[in-house]
Participant: 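Quick one: structure below, then a few questions.
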Number of protein chains: 2
Amino acid sequence: MTPSSASTAHTSNTDFYASHDKLYVATDCIIFGFDDGDLKLLIFKRRVEPDSGIWSLIGSFVKIDEDVDEAARRVLKEITGLEEIYMEQSKTYGKAERDPGHRCISVAHYALMRINDHDRELTQSHGAFWYTLQELPRLALDHQDMVRDALDKLRRRARYQPIGFELLPEKFTIPQLQKLYESIYQRELDPRNFRKKVLSLKVLVKLDEKDKSGSKRGAYLYRFDSEKYQELLESGYNFEI
Amino acid sequence: MTPSSASTAHTSNTDFYASHDKLYVATDCIIFGFDDGDLKLLIFKRRVEPDSGIWSLIGSFVKIDEDVDEAARRVLKEITGLEEIYMEQSKTYGKAERDPGHRCISVAHYALMRINDHDRELTQSHGAFWYTLQELPRLALDHQDMVRDALDKLRRRARYQPIGFELLPEKFTIPQLQKLYESIYQRELDPRNFRKKVLSLKVLVKLDEKDKSGSKRGAYLYRFDSEKYQELLESGYNFEI
DNA sequence: GTTTTAAGCGTTTAAAATACGTTTTTTATT
DNA sequence: AATAAAAAACGTATTTTAAACGCTTAAAAC
């Protein structure tokens, strides 16, 4: 009855496991999106009792034959209809008392997605809505901590991996990209220095189109060149923004 | 029967949980130590069947009423006899097939400790030994991945948090500190620039003692001033090495 | 006393970050 | 039709930080 992973335990005493038929494992998703110049979070208003009306992250139990990250992808698909979403494991929340009444460990994941991409009706039919970080209501359980920690990880990772592009449409302008980084780091950046910096990374391709929605003059559209980025990585380059 | 954390699931369909009485949660510890100029890892040779003789990380099941990080601390104490060890959650390993035969999710933690501090007899009585990263034998299950990922996280974190000091004795010399960073990053550093950099951080206190073990001339001992570090942090300073 | 070795202090050069000026393109206004 | 307004795009100067390298010092070994 000793599973071979737990066989790594240096004690072979596993009899406390007799009562372990009540340990649940779940996953909760911190879903980030960028729209209207603001970083937003997709949260969910429960419609069923108990706790109907309380905002929380979207989650689910992990099935017995399912990878934990697969469970997170399943949740994302159910709520957004999308399969190819950038996702990272954030942190596992394992306090014995974090969920009153039951022992449940949650493996949080954060996801980055383009808000326009997904089926707005589907999310609304689930009672899910986008909130800016400023407007965010109080969340259930330790979900507040989950958001804080995920944001922290997102900020750190965005500095050395080009994950920002996951939040923008395929084609975007430099000023749009700047607004994204400003909303992630919650501080203003100098437009001239920002432009210089991102163009020096050599992973953006300038297109012949302009986007006129943001200004009179319009700004050139760019796209992220992931092949070029891979090449650069392989030649020992390190991205940093 | 719906736990309220999983109540964050937007689906109330929880009947797949019927078979969940066989989902185990464990923790495995990646224990780093620094000795003799080298970064080392404490690993464990199983003495009992099955898998006797296979090297692996040290781990244990999480008890039903125990915080996950508490479980990791318990493991650390059992194997080293120490309670106050620096520890961070690393990552959760949740592939359904990671442990042949049983469904077991493992929440890995990495720990940093001073090798001389701990009870060598205790570790040896558990069949645990220190190995350098170069000498590391093949490990059981996905423990190889756990080591790689933990090392990656350690490297990233060591750049912006003064965690290196957890691996050194209370009093240490600048050249010792340099060797530590060299062994973490696996590359040589210029001693003159390194000295300049760490002293500019203003968190080391020079003592009136010298350590003569490393050279004829001897090098001044320093200690890390954690109060000063906290002060600096609060005044918006950010440590970076 | 001379050699050897690492510690400790310093300077020079290169690169990166920051601050800020100017021109360009287009729409709106008079 | 001329002009003002606003953001985009490009450029330069300054400051800060990182990298490269020289020299002196202290103490043991010969």
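Each chain gets a letter, A, B and so on, in the order the sequences are listed, and its residues count up from 1.
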Participant: Please collect all salt bridge (Lys or Arg N to Asp or Glu O under 4.0 Å) contacts where either partner lies in residues 161-183 of chain B, sequence neighbours excluded, each pair once.
Facilitator: Lys171(B)-Glu209(B)
Participant: Could you check if a side-chain atom of Ser56(A) sits within less than 4.5 angstrom of a side-chain atom of Leu139(A), using non-hydrogen atoms only?
Facilitator: no
Participant: List the residues meeting side-chain contact (heavy atoms from CB on, under 4.5 Å) with Lys91(B), not counting sequence neighbours, and say none if there are none.
Facilitator: Gln89(A), Tyr93(B), Asp149(B), Lys153(B)
Participant: Who passes salt bridge (charged side-chain N to carboxylate O under 4.0 Å, His left out) against Lys77(A), sequence neighbours left out?
Facilitator: Glu83(A)
Participant: Going 5' to 3' along DNA chain D, which are the first and last nucleotides with any atom under 4.0 Å from a heavy atom of chain B?
Facilitator: dA18(D) to dA28(D)
Participant: Considering only residues two or more places apart or on different chains, which pairs with a residue in residues 211-222 of chain B satisfy salt bridge (Lys or Arg N to Asp or Glu O under 4.0 Å)?
Facilitator: none
Participant: Could you tabulate the donor-acceptor pairs under 3.5 Å formed by side-chain atoms of residues 34-45 of chain B, not counting sequence neighbours?
Facilitator:
none

Participant: Can you list the residues that meet the side-chain contact (heavy atoms from CB on, under 4.5 Å) rule with Leu82(B), with sequence neighbours excluded?
Facilitator: Thr80(B), Ile85(B), Met113(B), Asp117(B), His118(B)
Participant: Give the residues of residues 233-241 of chain B touching DNA chain C, defined as any heavy atom closer than 4.0 Å, sorted by residue number.
Facilitator: none
Participant: Any salt bridge (Lys or Arg N to Asp or Glu O under 4.0 Å) pairs touching residues 124-147 of chain B, not counting sequence neighbours?
Facilitator: Arg98(B)-Asp142(B), Asp145(B)-Arg148(B)
Participant: Reading nucleotides 7-14 of chain C from the 5' end, what letters show protein touch, with B for base, S for backbone sugar-phosphate only, - for no heavy atom under 4.0 Å?
Facilitator: BBBBB---
Participant: In a table with atom names and distances, give each donor-acceptor pair under 3.5 Å that connects a side chain of residues 218-232 of chain A to protein atoms at least two apart or in another chain.
Facilitator:
residue, atom, partner, partner atom, Å
Asp225(A), OD1, Glu227(A), N, 3.2
Asp225(A), OD1, Lys228(A), N, 3.1

Participant: Is there any salt bridge (Lys or Arg N to Asp or Glu O under 4.0 Å) pair reaching into residues 184-204 of chain B, and which pairs are they, with sequence neighbours excluded?
Facilitator: Asp190(B)-Arg192(B)
